[in-house]
K.L.:
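Below are the structure tokens for one structure; questions will follow.
Source: prediction; values computed, not measured. To find a chain, count down the sequence lines: A is the first, B the second, and so on, and within it residues start at 1. Hydrogens, waters and symmetry mates are skipped; everything else that's a heavy atom, side chains included, is used.
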Amino acid sequence: MDILKDLNDKQREAVETINGPVLILAGAGSGKTRVITYRIAHLNINYEVSPENILAVTFTNKAAKEMKDRILSLTRSDQFPWINTFHSTCVRVLRRYCTVLGFNRNFLIYDSSDQYNLIKSIIEEMRIDEKVISSESAQSFISSAKNSLKWPSDTKQAFNDYWSEKLVEIYSAYQKRLKKNNAMDFDDLLMYTVELLEENPDILSYYNDKWQYIMVDEYQDTNHAQYELVKLLAAKHKNLCVVGDDDQSIYRWRGADLSNILNFEKDFLHCLVIRLEQNYRSTKNILKAANSVVMNNISRKGKTLWTDNMEGEKIHYATLSSESEEALFICRKIKELCYSEKRQLNDFAIFYRTNAQSRVIEDMMRRESLPYDIFGGLRFYDRKEIKDIVAYLRIISNPKDDLSFERIINVPPRGIGPSMLDKIKNTAKKTGLSIYEAIKEFLKEVDSAGKAKPSKGEEGLAEFIKLLDWLTDLAERSSILEVTEKVLEETHYMENVIAKKTSREEVESRTENIREFLSSIEEFDRSSEDTSLKIFLDQISLITAVDKYDENVEKVTLMTIHNAKGLEFPVVFMSGMEEGIFPHSLSSVNEHEIEEERRLCYVGMTRAKERLFLTNTYRRRIYGIERINLPSRFIREIPAEFMEIDNGWPAEPDAYDRRIAENNYRAVRPGSSQFSRGSASSYPSFKTGNQRELTYESDNEFSRGTKVLHPFFGKGTVIDIKGEGEDTKVTVSFINAGVKKLSLKIANLQKL
DNA sequence: AACTAGGGAGTTTTT
DNA sequence: CTCCCTAGTT
């Protein structure tokens, strides 16, 4: 089978060069996923390389899944190469060899909020004033040290003031505690894997022989640790193919090191560099506009994307008077396009710079009855109730997890307050025991003291331990689902949620979340090969918001631009295009940060396939205060020839509902109630400043030659009329939009 | 020990 | 504006 015929010359070269290092500089929408998947298929089909000998590393689980799907359709083989994220690749290695590093096989993965909590408690224990060293600053210090593969001992010499010394101390204490808890944080996964491979040549050689062909996606986002890891893994065969785009590097703030891509040619001598510059995604207008923006960056490798696609619509730029008007404008445009271009809701995405901006848009989407899905913000598994239950599961899997103990020792309330917890923690600290063990010691002492009746807290502790022992035993022979159900039952978790004086809404959402959690366990049980608890816990630590994105669901997508990387949508709205928001005020201190913001803007713009809307407001409420922002500098960087000012409100708010009536189209909105069908009165009237009052022509006064104005298509002339009364259809030749056939009943035509 | 009210602070992006 | 933490009350 000749799969290479689907590729352009450059892509084919990239796919066919299977030996030696290859750097692919792939512009946005130039088919990089295609290249990687075809390369894997090519290796497999035409060179009979076994899937076991191929490693592909991606940035997100979603990208990995997409690749797996595409390879499946190419090779029809049921054997997959290992395609996964950096982090899960490391987990796989570490699960196998972590005992070499002194970890137990059932180590846990701490996510960033676990990391934060642990650091916070260390700072408290060290009696450091939070105002001098905040947990956040310590966290970012530790994380960036780890990103550059520096252990506490490596960071010592670099500083000598009080502040830096304390940071190193915190780092050192933190690392000890992680090990004591038998846990690793995200950065550890990389750092320990690198250490393992560096110090154990036999293990390295095992993986070198196993993974003979390595591919890395989104290479521009790799940090130093990931770079070293890749270098180690590719050391023997050097069949390394990395794909990246320096213009899409948007994670430098968390350690992504652009020099990994800029210096690839020096690090891997005699490498082949291939540029993919043909874009298959966007219209000429969108692509040229995006190019003109990113061209303002000085530090870039430089490439010029081109496309054979249509010219397309110009980019629409609209300035609204407030953030809720901006949201309303977007909603109305979406409805208009659903009607005028027969688009579906999953054609649309609304991007914003910060999560805080989503709220106003969400509110308006609900008011306008537009179903939407929002990504990012609080991760599902970060919700209180989920974290609580997961904490029980974690302890069952790894009784050394003191962090989870602290979390749930008094959830539900067992009469164990801070003073008793302190006592236990002190015992644990003195004896070096885990909290679990320390509680058992503590209870023994209470027992031998022979008091007539134990205190409420002591009773609670004994009950707690009894429960955990019982659950641990249960977990040996039962499924995760059963154990979780027992946790909920025995802790009376739901009763406690209801008993708290929380709003009905909150009770509902928590109940809903717990239900969703249970069904995610079922899903895991069904789809995973290994249904052990530790694999489940790994999975929920490493899953992210975007991973649940499903392009087939008929809903509008709301997400930050960061989350949009790697995705594409026919119609994209970028909101809040204002100085101070985008570029963000905190990112405006130096040119490097501005350049990163500009790349972010480039990423956002190049997600759009057919239409791109940029919106901003004249004034906006931020934290309760009205602010007047200037238009974003990125707007000014788009030449006028690719952009037009869109000051026309889509003046037909019920067009969307009519389409629903026409197509008998039904959709479900987030509140799960059905759409109201067909009536314009279901729209509350808004004061929208420059919106015209809507009038519907009932009498038929149109004839051939009548000049008309359409709210969306603009000015035109009637060239034909058919039918009568309600069924009248007119054919209009519009100046800018060409010839359209319209139903007089539906189109809001005005006589001029 | 548990709950409540009130003040203060902090607001980017997340594998 | 909203969340989170603290201090004070029951």
K.L.:
A:Phe186 near the nucleic acid: base, sugar-phosphate alone, or nothing, with a heavy-atom cut-off under 4.0 Å?
P.N.:
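It contacts base atoms.
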K.L.:
Check the distance between B:dT15's C1' and A:Leu190's CG and give it to me in whole angstrom.
P.N.:
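After rounding, the gap between these two atoms is 9 Å.
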K.L.:
Identify whether any heavy atom of A:Asn355 sits under 4.0 Å from a base atom; if not, whether one sits that close to sugar-phosphate; answer base, sugar-phosphate or nothing.
P.N.:
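If one applies the 4.0 Å heavy-atom cut-off, A:Asn355 turns out to touch the sugar-phosphate alone, with no base involved.
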K.L.:
Using whole Å, report how far CZ of A:Phe351 lies from C1' of B:dT13.
P.N.:
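Rounded to the whole Å, the gap is 14 Å.
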K.L.:
Of A:Arg414 and A:Thr560, whose nearest nucleotide on DNA chain B comes first from the 5' end?
P.N.:
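Closer to the 5' end of DNA chain B: A:Arg414.
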K.L.:
Select base, sugar-phosphate, or nothing to describe what A:Asn223 touches, counting heavy atoms under 4.0 Å on all strands.
P.N.:
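Nothing, no heavy atom under 4.0 Å.
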K.L.:
Output the rounded distance in Å from CG (A:Asn117) to C1' (C:dC5).
P.N.:
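Between C1' of C:dC5 and CG of A:Asn117: 14 Å.
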K.L.:
Between the side chains of A:Ser137 and A:Ser134, is a donor N or O closer than 3.5 angstrom to an acceptor N or O?
P.N.:
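There is such a pair between these side chains.
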K.L.:
So which nucleotide does B:dG6 pair with, by the Watson-Crick or G-U wobble rule with both distances under 3.5 Å?
P.N.:
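C:dC5 - that is the nucleotide pairing with B:dG6, both distances being under 3.5 Å.
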K.L.:
C:dC1, B:dT15, B:dT13: which one has an atom nearest the side-chain heavy atoms of A:Trp253?
P.N.:
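Within the option list, the nearest is B:dT13.
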K.L.:
Got a donor-acceptor pair under 3.5 Å from the side chain of A:His87 to the base of B:dT15?
P.N.:
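Checked by distance alone, the answer is yes.
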K.L.:
Looking at the side chain of A:Asn410, which of B:dT14, B:dT12, B:dA2 is the nearest nucleotide?
P.N.:
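The nucleotide sitting nearest to the side chain is B:dA2.
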K.L.:
Check every strand shown and say whether A:Arg359 touches a base, only sugar-phosphate, or nothing at a heavy-atom separation below 4.0 Å.
P.N.:
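If one applies the 4.0 Å heavy-atom cut-off, A:Arg359 turns out to touch the sugar-phosphate alone, with no base involved.
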K.L.:
Is the distance between the ring centroids of A:Phe634 and A:Tyr602 under 6.0 Å?
P.N.:
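No, the ring centres sit 6.0 Å or more apart.
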K.L.:
Round to the nearest Å and state the distance from A:Glu218 atom CD to B:dT13 atom P.
P.N.:
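A:Glu218 atom CD is separated from B:dT13 atom P by 19 Å.
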K.L.:
Nearest whole angstrom, please: distance from the C1' of B:dA1 to the CD1 of A:Ile409.
P.N.:
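My rounded result for the distance is 14 Å.
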K.L.:
Does the B:dT13 base have a donor-acceptor partner in the side chain of A:Arg353 within less than 3.5 Å?
P.N.:
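Yes, a donor-acceptor pair under 3.5 Å.
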K.L.:
Looking at every strand, decide which applies to A:Ser419 at a 4.0 Å heavy-atom threshold: base, sugar-phosphate, or nothing.
P.N.:
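If one applies the 4.0 Å heavy-atom cut-off, A:Ser419 turns out to touch the sugar-phosphate alone, with no base involved.
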K.L.:
Using the closest heavy atom to pick a nucleotide of DNA chain B for each, name whichever of A:Pro413 or A:Phe59 lands nearer the 5' end.
P.N.:
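On the 5' side of the pair lies A:Pro413.
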K.L.:
I need the CD-C1' distance between A:Glu459 and B:dA1, as an integer number of Å.
P.N.:
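These atoms are roughly 15 Å apart.
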K.L.:
Between B:dT14 and A:Tyr251, is there a base-stacking contact, meaning the centre of the base's six-membered ring lies under 5.5 Å from the residue's ring centre while the planes stay under 30° apart?
P.N.:
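According to the criterion (under 5.5 Å, under 30°), no, A:Tyr251 does not stack.
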K.L.:
From the options A:Phe569, A:Phe582, A:Phe573, select the one residue that forms a side chain to side chain contact (heavy atoms under 4.5 Å, CB included) with A:Phe351.
P.N.:
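Running side chain to side chain contact (heavy atoms under 4.5 Å, CB included) over A:Phe569, A:Phe582, A:Phe573 with A:Phe351 returns exactly one hit, A:Phe569.
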K.L.:
Distance under 6.0 Å and angle within 45° of the ring axis: does A:Lys565 meet both against A:Phe59?
P.N.:
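Judged by the rule (NZ or CZ under 6.0 Å from the ring centre, within 45° of its axis), A:Lys565 counts as positioned above A:Phe59.
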K.L.:
Output the rounded distance in Å from CD1 (A:Ile622) to C1' (B:dA9).
P.N.:
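Between C1' of B:dA9 and CD1 of A:Ile622: 17 Å.
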K.L.:
Side chains of A:Gln220 and A:Glu218: closer than 4.5 Å at any heavy-atom pair?
P.N.:
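With C-beta onward as the side chain, the pair touches.
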